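For reference, the structure discussed in these notes is given below.
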2 protein chains.
Amino acid sequence: MAEGIKIIKGNIVFTPSFGQLEVFENSFILIEGKTVKGIYRELPAEYTHMAVTDYQNALIIPGFVDLHFHAPQFANRGLGLDLELLPWLERYTFPEEAKYTNIAYAQAVYKQVVTELWKWGTTRVACFGTIHRAATAKLLELLALAGLGGYVGKVNMDRNSPSSLIETTAQSLADTEDYIKATIDRYELVKPIITPRFVPTCSPELMTGIAKLAQKYNLPVQSHLSENAGEIAWVKELHPECPNYAGVYHRFGLFGQQPTIMAHCIHNDDAEIALMAQSKVYVAHCPYSNNNLASGIAPIRKYLDNGIAVGLGSDVAGGHEVSIARVMTMAVQVSKLKWLATDKSEKFFTIPEVFYLATKGGGSFFGKVGSFEAGYEFDALVIDDSSLEVSACNQYSVEDRLSRFIYIGDYHNIVARYVAGAKIEQPQL
Amino acid sequence: MAEGIKIIKGNIVFTPSFGQLEVFENSFILIEGKTVKGIYRELPAEYTHMAVTDYQNALIIPGFVDLHFHAPQFANRGLGLDLELLPWLERYTFPEEAKYTNIAYAQAVYKQVVTELWKWGTTRVACFGTIHRAATAKLLELLALAGLGGYVGKVNMDRNSPSSLIETTAQSLADTEDYIKATIDRYELVKPIITPRFVPTCSPELMTGIAKLAQKYNLPVQSHLSENAGEIAWVKELHPECPNYAGVYHRFGLFGQQPTIMAHCIHNDDAEIALMAQSKVYVAHCPYSNNNLASGIAPIRKYLDNGIAVGLGSDVAGGHEVSIARVMTMAVQVSKLKWLATDKSEKFFTIPEVFYLATKGGGSFFGKVGSFEAGYEFDALVIDDSSLEVSACNQYSVEDRLSRFIYIGDYHNIVARYVAGAKIEQPQL
């Protein structure tokens with residue numbers, strides 16, 4: 001028998017494709033090293049002498065993927081949500097992010113951030129840091145120590161930013177390259193990502209420069225796109241030479257030239273949608289944030305129908321919830337409002353559909369992540385939902401139990417977490 | 001010194017009027033019997049020898065009021081939310097409610113329901129039971145045992161209902177009167193309420209009959225109004241003689257002739273709004289439910305501008321969240337989507353505004369409830385939000401702490417609960 005084999009038993013649930021829920025009750029999942037080898041209702045004879053971790057009646061589901069998270073905004077959750085994007089950034093976000101020049105402050109908050117991600121079952125995260133190289137490298141280190149997987153970006157900002165949170169173009173480029181060199185080979189599951197904040201805070205020179213770094217180091221890119229009407233008007237004013245907001249990123253090499261995540265994508269026009277599809281850009285759908293900042297409801301069904309990849313994002317702290325289960329619920333809810341607003345033409349989401357977005361949908365940005373198909377890295381949550389049972393009530397089916405965990409469960413129900421085949425315990429940071 | 005005096009200290013926060021937040025840091029609240037006598041930054045000399053319950057840095061806020069809750073749907077939370085109202089009732093709600101003919105089943109689930117309300121800080125609730133007199137009386141008893149305040153209605157349904165959940169008109173009236181007689185003087189804080197399910201399930205004879213009971217026993221009324229387009233069309237078909245849905249209730253004596261709560265009120269026209277205002281009907285705003293069942297966003301700002309009283313409702317199990325804090329958050333969020341959908345004419349809600357709706361707004365239906373003004377019954381939650389702090393971060397103001405508790409807190413943060421002057425502990429049911 002090969003070394004590094006793990007066998008786990010329980011009610012296994014995952015989505016190999018959008019909307020398709022696979023359920024294996026009382027079944028075995030075989031993991032070899034980091035990856036899933038197979039799922040068996042009856043364990044093949046050659047494995048029957050091995051130890052099984054039997055989670056009994058628990059659900060075993062893929063770990064949650066958060067495609068858009070601002071770690072340095074963690075302390076601002078639930079604050080200042082009476083503003084739209086641009087004044088909110090000025091009044092709340094930028095002053096908080098400016099504190100991250102202080103590495104002790106960064107370390108203290110980032111420890112809480114990483115613990116919170118662990119707690120809510122986020123196993124992979126695409127994360128914004130701040131402009132500060134040292135603080136951002138610390139976040140990477142803490143995620144790696146916790147055993148979580150992720151991309152973490154040092155943010156670039158060289159224009160239209162407060163004096164406490166702005167770089168020169170040259171310094172921004174130099175710091176970014178230093179940050180990349182210091183982190184790119186350091187951890188297995190946590191890697192740097194090129195992170196222009198958004199067009200208004202990045203000069204053409206800076207965008208061109210970081211696009212070259214993305215190419216040189218073969219790194220992915222993450223940024224924001226078309227979140228708010230005021231923001232879009234501002235981009236149009238800054239870049240009359242470009243046909244639209246997406247076109248600005250594209251012109252400067254940051255829109256699909258490397259694997260790319262764009263958060264929000266609420267107000268994109270058809271030309272942008274075509275460019276998104278053609279450029280294989282991922283959309284990070286962040287419905288909590290889009291509600292909180294009165295940004296609107298993204299046309300996610302339309303993106304999916306156009307072949308665009310979509311994952312979910314908490315967008316802490318525009319969103320106040322770290323829980324990707326709650327983000328799933330909200331994605332369903334706002335899709336119903338979108339359905340009404342489009343005369344019932346854009347169909348609303350089902351639970352299997354948002355479960356896909358929260359796992360394999362976003363997970364595919366990280367490689368073979370977010371599913372239990374053979375060859376996928378084994379990221380998993382073990383869900384003990386007994387606290388959600390109603391005494392005397394009929395038994396719930398596994399599908400209903402999944403739905404109830406997503407709607408009304410919380411971190412208490414997550415009793416074990418795995419990332420890339422390894423069980424990860426509460427971080428000791 | 002009068003007997004029955006309690007003195008409680010902490011950071012006292014409440015809303016005496018819509019949008020107006022009163023904050024008394026490190027202050028004393030004096031309770032005499034059931035009611036608030038006053039708030040003092042310095043305790044008057046005559047009280048300085050008395051014991052003070054000092055909650056130190058905690059927040060002390062009014063208890064939460066839930067104006068619309070279906071106790072027998074508790075086991076259905078998080079289930080079947082891919083349907084609109086009418087098929088959802090047929091497939092999920094009615095079969096579950098039919099089980100309440102079994103008093104043992106009812107008692108088992110209702111114990112969990114009451115514990116859950118306690119847990120999340122709901123101190124007063126307007127509650128639907130089922131058509132079953134005994135089960136509904138049991139719910140009343142359990143709420144009273146727990147020390148919570150509420151109105152509980154035996155539901156009336158004599159048409160367009162499944163055979164497992166329908167009454168004859170005569171039986172419905174007789175059972176309702178028996179239920180009233182058995183409960184009206186039994187408990188101090190929990191009382192019966194007249195509860196036609198909604199127009200489609202109540203014949204004119206039944207509505208007329210229960211309206212007479214409401215008058216005879218001086219009882220309030222609760223029902224549903226204009227939740228869903230299909231429902232509204234059905235009511236129009238059933239009652240071509242009435243100008244609109246609200247007009248049906250009004251015609252049969254159930255629309256403000258006694259104090260009345262109408263849940264949802266999403267699609268009311270101007271004539272109905274005028275009738276609601278004139279009839280002093282309370283709106284129970286249930287945004288979780290309205291999202292889940294794809295019903296729409298109620299024009300709550302418009303109601304308030306028209307002088308209509310509004311409270312919040314969880315609408316379990318159309319809504320999956322028992323937490324009125326989460327309902328507040330959702331009320332703010334959907335108000336922002338409404339603001340966008342009305343070209344920014346219907347202003348979105350602030351936290352002080354929804355905090356009012358969740359406390360004094362709905363509380364006023366129960367009398368002097370939901371505020372800490374002198375003469376108000378002392379319903380309160382003590383909030384220890386230390387788990388929400390971010391180490392190393394600047395101190396949050398009391399206003400910000402309230403906002404953060406509402407957005408990201410949960411029942412762990414509620415460390416004491418008072419109803420009508422009495423501290424209520426976890427129910428032993």
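Sequence lines set the chain letters: A, B, ... in the order given, protein chains first and strands last, and positions in each chain run from 1. When reading the values below, keep in mind they use all heavy atoms of this one structure, side chains included, and skip hydrogens, waters and symmetry mates. Only a predicted model underlies this, so the values are computations on that prediction, with no experimental measurement involved.
- At least one side-chain heavy atom of A/Leu79 sits less than 4.5 Å from a side-chain heavy atom of B/Arg404.
- Taking 4.5 Å as the limit, every side-chain heavy atom of A/Gln112 sits out of range of all side-chain heavy atoms of B/Glu389.
- Of all heavy-atom pairs between B/Ala294 and A/Trp339, the closest is CB-CZ3, 3.6 Å.
- Note: B/Asn292 leads B/Asn292, B/Asp400, B/Thr329, B/Thr350 in heavy-atom pairs under 4.5 Å with chain A.
- In terms of heavy-atom pairs under 4.5 Å with chain A, the best-connected choice from B/Leu337, B/Leu388, B/Asn102 is B/Leu337.
- In terms of heavy-atom pairs under 4.5 angstrom with chain A, the leader among B/Asp410, B/Val113, B/Ile297, B/Leu340 is B/Leu340.
- Residues A/Asn291 and B/Lys336 form no side-chain contact, since every pair of their non-hydrogen atoms from C-beta on lies 4.5 Å or further apart.
- Listed here is the closest heavy atom pair of B/His412 and A/Tyr411: CE1-OH, 3.4 Å.
- Contacts of B/Phe349 with chain A are absent, with no heavy-atom separation under 4.5 Å from either backbone or side chain.
- Closest heavy-atom contact between A/Gly78 and B/Ser403: O-OG, 2.6 Å.
- For chain A, no part of B/Arg401 is nearby; none of its heavy atoms comes within less than 4.5 Å.
- Heavy-atom distances place the backbone of B/Ser295, and not its side chain, under 4.5 Å from chain A.
- Side-chain contact between A/Ile351 and B/Asp82 is absent, with no heavy atoms from C-beta onward closer than 4.5 Å.
- For B/Asn76, the part lying near chain A is the backbone, with the side chain staying farther off; criterion is any non-hydrogen pair under 4.5 Å.
- Residues B/Lys344 and A/Glu84 are paired through a salt bridge, judged by an N-O separation under 4.0 Å between the basic side chain and the carboxylate.
- Between the CZ atom of B/Arg77 and the CD1 atom of A/Ile408 there is a distance of 3.5 Å, given to the nearest 0.5 Å.
- With a 4.5 Å cut-off on side-chain heavy atoms, B/Gln333 and A/Tyr288 count as touching.
- Heavy atoms closer than 4.5 Å to chain A are found in both the backbone and the side chain of B/Leu81.
- Annotation: A/Lys347, atom NZ; neighbour count of heavy atoms from other residues, nucleotides and ligands within 6.0 Å does not exceed 12.
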